[in-house]
> 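Here it is: the structure, laid out below.
Atom set for the values below is all heavy atoms of this structure, side chains included, hydrogens, waters and symmetry mates excluded. Numbers restart at 1 for each chain; the letters A, B, ... are given by sequence-line order, proteins then strands.
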There are 2 protein chains.
Amino acid sequence: MWNNGAMTAEATTTRTPATPRAEARERTMRRIVELGNAQLAECGPGALSVREIARGLGMVSSAVYRYVSCRDELLTLLIVDAYGDLADAVDEALAEAGQGPRDRFLALATAMTRWAIAHPERWTLLYGTPVRGYDAPAESTNVGGTRVIARLLAIAADAQGGTGKAGAAGVRPAVRVTPAVEALLERHLAEFAVDSDVDSSLRAVTVWSGLVGIISAHVFGQLGADAVAVGEQILEIQGELLADLLIGS
Amino acid sequence: MWNNGAMTAEATTTRTPATPRAEARERTMRRIVELGNAQLAECGPGALSVREIARGLGMVSSAVYRYVSCRDELLTLLIVDAYGDLADAVDEALAEAGQGPRDRFLALATAMTRWAIAHPERWTLLYGTPVRGYDAPAESTNVGGTRVIARLLAIAADAQGGTGKAGAAGVRPAVRVTPAVEALLERHLAEFAVDSDVDSSLRAVTVWSGLVGIISAHVFGQLGADAVAVGEQILEIQGELLADLLIGS
DNA sequence: CCAAAAGCAAGAGCAGTGCTCTCTAAATGT
DNA sequence: ACATTTAGAGAGCACTGCTCTTGCTTTTGG
């Protein structure tokens, strides 16, 4: 469903009549996202200003509101862009990774880590505080936002299938879940079209949140200033530990 | 060093001459933190406004600057307050918990979870995006900020000692670390006065970041709107999984 | 082909923000 | 008792998001 939506949207965009006016509008829109990302990169979110973007465009501030109805919409635009970018990076890494679930998870984790370190402010935008109590409209951000976790769920499902039932059961004791949680999980698994079991998907969700937390701790410098220098080494070790949790050592 | 600093500061505050003016000043300071927290609770950080606090105090905005030199200092005040509050909650829970490392970790995790759910905006202030690219001055925030992780490190060290070397080595394969990381870890262990090994402390740091990530995912609603309803159940399961990672199942 | 409609951009303006400056009055230290 | 420090008021600057009105250009329909 999500994929189809994205594809039709792209097709529509491509086969647009391409009247000069619409074309110019699209160029300006892209320019706005560009300028927004640039502004984000140097000042962080929260300092994102419609007026500054207007200056970048060589317009007066009110003119920008022809393209973006309010500041929150601008934020949403950048969030969607960032989600897509991150998911692209992960997809690319997974395409070049091997077949083993552990390798694939580590490739995913490394790709996310690298992207976060390369774009700390955009990472902040995705996994930090929602700015100014602004909550991103799910219908527009979830499309890209769920792409990576869907990948992780698939890897977890694969790991469970790959190690065989006996082996998996040995290393990973079954977690006990309430019916409500089980129903929620199965709904989401169906949504992502992943064939997995409750245990694997719970591990996947936990590892997912854990991975985000680990990367955030690094990006936000919460482990202390001196930890930043060896951050990538620490992250690599932590990735291995999370792989143990996801797959079993 | 940190502890001594905090203690002398407290002593100084307590034995203050208590001249009526100084007393009034302290009252106003406390009132500012109160109002700040209230404002935080209803609008989230970022909407924190010096002028609104001035209105709450019944002053004109410029008068507030007698107490707080700028907005960032106000934020720092609230961050320190929140760190202390959270650490107090954890300490309280640990005081009532049993002796087993697993119980103690689960008590710590539960206390953090409950606090975060009870004070989502303050949690956001601590572990979300630094507001407006503001980075908290380490010298004032680290004191309270490290109290909880120090507790976790102690639990991890205890778990390692408790299960015995053979048992621990069986469940937890030794992680390979670079000398730089090892040096960093030992420095911090010395700082917290915790007697632990590299493996345990790396697991502790990983579990710590993972725990923060899991709680943040819940507080920020990153797992989807329908996950919030069963959030506490999910968090409980995830806590068990992290306990496995920290201690071994 | 030409008028009507729609879209783009400018400009003024409002309410809000953080923060600085000057000024008055009161409390304080000597 | 007098000089000094201090709390607070008030005006004001530069900035923000956002709205409304006003010209001008492009697109479109008859």
Side-chain angles (χ1 to χ4, degrees), chain A residues 16-33 35-36 38-40 42-79 125 130-137, chain B residues 16-33 35-36 38-40 42-79 125 130-137:
Chain A
T16 280
T19 123
R21 194 135 211 184
E23 201 177 319
R25 193 183 170 82
E26 248 182 63
R27 251 203 318 274
T28 310
M29 277 299 235
R30 262 195 296 274
R31 192 88 205 286
I32 286 178
V33 173
L35 287 167
Q39 203 173 322
L40 219 57
E42 62 185 25
C43 303
L48 197 96
S49 148
V50 175
R51 285 181 127 108
E52 183 61 35
I53 284 191
R55 277 187 282 274
L57 286 171
M59 292 181 189
V60 87
S61 77
S62 64
V64 181
Y65 287 87
R66 295 274 144 174
Y67 301 89
V68 165
S69 75
C70 63
R71 188 171 170 276
D72 281 3
E73 193 175 309
L74 175 61
L75 269 183
T76 305
L77 227 56
L78 296 175
I79 289 177
L125 196 59
V131 187
R132 286 256 291 178
Y134 150 87
D135 52 348
Chain B
T16 279
T19 124
R21 194 137 211 181
E23 201 177 320
R25 193 181 172 83
E26 248 183 63
R27 251 202 318 272
T28 309
M29 277 300 235
R30 261 194 297 273
R31 191 91 205 285
I32 286 177
V33 173
L35 287 167
Q39 203 171 321
L40 218 57
E42 63 184 26
C43 304
L48 199 99
S49 149
V50 175
R51 286 182 126 106
E52 183 62 36
I53 283 190
R55 279 186 283 273
L57 287 172
M59 294 180 186
V60 89
S61 77
S62 64
V64 181
Y65 287 88
R66 296 276 142 158
Y67 300 90
V68 164
S69 75
C70 63
R71 188 172 169 276
D72 280 3
E73 193 176 308
L74 176 60
L75 269 182
T76 305
L77 229 54
L78 296 176
I79 288 176
L125 196 60
V131 187
R132 290 253 291 177
Y134 150 87
D135 50 350

> Any donor-acceptor pair under 3.5 Å between the side chain of B/Ser62 and the base of D/dG8?
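Counting by modelled atom types and ignoring angles, no donor-acceptor contact under 3.5 Å is found here.
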> Would you list the atom pairs, donor with acceptor, under 3.5 Å between side chains in residues 55-63 of chain B and any protein atom, with sequence neighbours excluded?
unit_1  : atom_1 : unit_2  : atom_2 : d
B/Arg55 : NE     : B/Glu52 : OE1    : 3.1
B/Arg55 : NH2    : B/Glu52 : OE1    : 3.1

> Give, ordered by number, those residues of residues 49-57 of chain B having at least one heavy-atom distance below 4.0 Å to an atom of DNA chain C; if nothing qualifies, reply none.
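Hits under 4.0 Å, by residue number: B/Ser49, B/Val50, B/Arg51, B/Arg55.
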> For nucleotides 22-30 of chain C, which of its nitrogen or oxygen atoms have a protein nitrogen or oxygen under 3.5 Å away, and what is each distance?
unit_1 : atom_1 : unit_2  : atom_2 : d
C/dA27 : O4'    : B/Arg21 : NH1    : 3.4

> Kindly compute the distance separating OH (A/Tyr65) from CD (A/Glu73), expressed to the nearest 0.5 Å.
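Here the rounded value is 11.0 Å.
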> Can you tell me if B/Tyr65 touches the phosphate of D/dG8, counting only side-chain N or O atoms and a distance under 4.0 Å to OP1 or OP2?
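Result: no.
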> Just to confirm, is there a sub-4.0 Å distance from OP1 or OP2 of D/dA7 to any side-chain nitrogen or oxygen of B/Tyr67?
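B/Tyr67 to D/dA7 OP1/OP2: no side-chain N or O under 4.0 Å.
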> Whole angstrom is fine here: how far is it from CZ in A/Arg71 over to P in D/dT19?
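Nearest whole value for this atom pair: 14 Å.
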> 5'-most contact on DNA chain C: A/Ser61 or B/Cys70, nearest heavy atom basis?
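So the residue in question is A/Ser61.
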> Does B/Val64 form a side chain to side chain contact (heavy atoms under 4.5 Å, CB included) with B/Leu74? I'd like the steps, not just the answer.
CA-CA 10 Å; B/Val64 181; B/Leu74 176 60; over 6 Å; no
> So, using salt bridge (charged side-chain N to carboxylate O under 4.0 Å, His left out) as the criterion, who are the partners of B/Arg30 when residues are at least two apart?
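Residues passing salt bridge (charged side-chain N to carboxylate O under 4.0 Å, His left out) with B/Arg30: B/Glu26.
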> Nearest 0.5 Å please: distance from the CG atom of B/Leu125 over to the CD1 atom of B/Ile79.
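So the gap between those two atoms works out to 4.5 Å.
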> Please report, rounded to the nearest Å, how far the C1' atom of D/dC18 is from the CG atom of A/Asp72.
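In whole Å, D/dC18 C1' and A/Asp72 CG are 12 Å from each other.
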> How close do A/Leu48 and A/Arg71 get, counting heavy atoms only, and between which atoms?
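Looks like O-NE, 2.9 Å.
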> What distance separates B/Tyr67 OH from B/Ile32 CD1, expressed to the nearest 0.5 Å?
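It comes to 7.0 Å.
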> Would you kindly give the CZ-to-P distance between B/Arg25 and D/dG8, to the nearest whole Å?
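Those two atoms, CZ and P, are 9 Å apart.
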> Let me know the distance between CE of A/Met59 and P of D/dG23, rounded to the nearest Å.
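The distance from CE of A/Met59 to P of D/dG23 comes to 21 Å, rounded to the nearest Å.
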> First locate atom CE of A/Met29, then atom CG of A/Leu77, and finally report the distance between them rounded to the nearest 0.5 Å.
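One finds 5.5 Å between CE of A/Met29 and CG of A/Leu77.
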> Without decimals, in angstroms, what is the distance between B/Leu75 CG and C/dG18 C1'?
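Spelled out: CG on B/Leu75 to C1' on C/dG18 is 12 Å.
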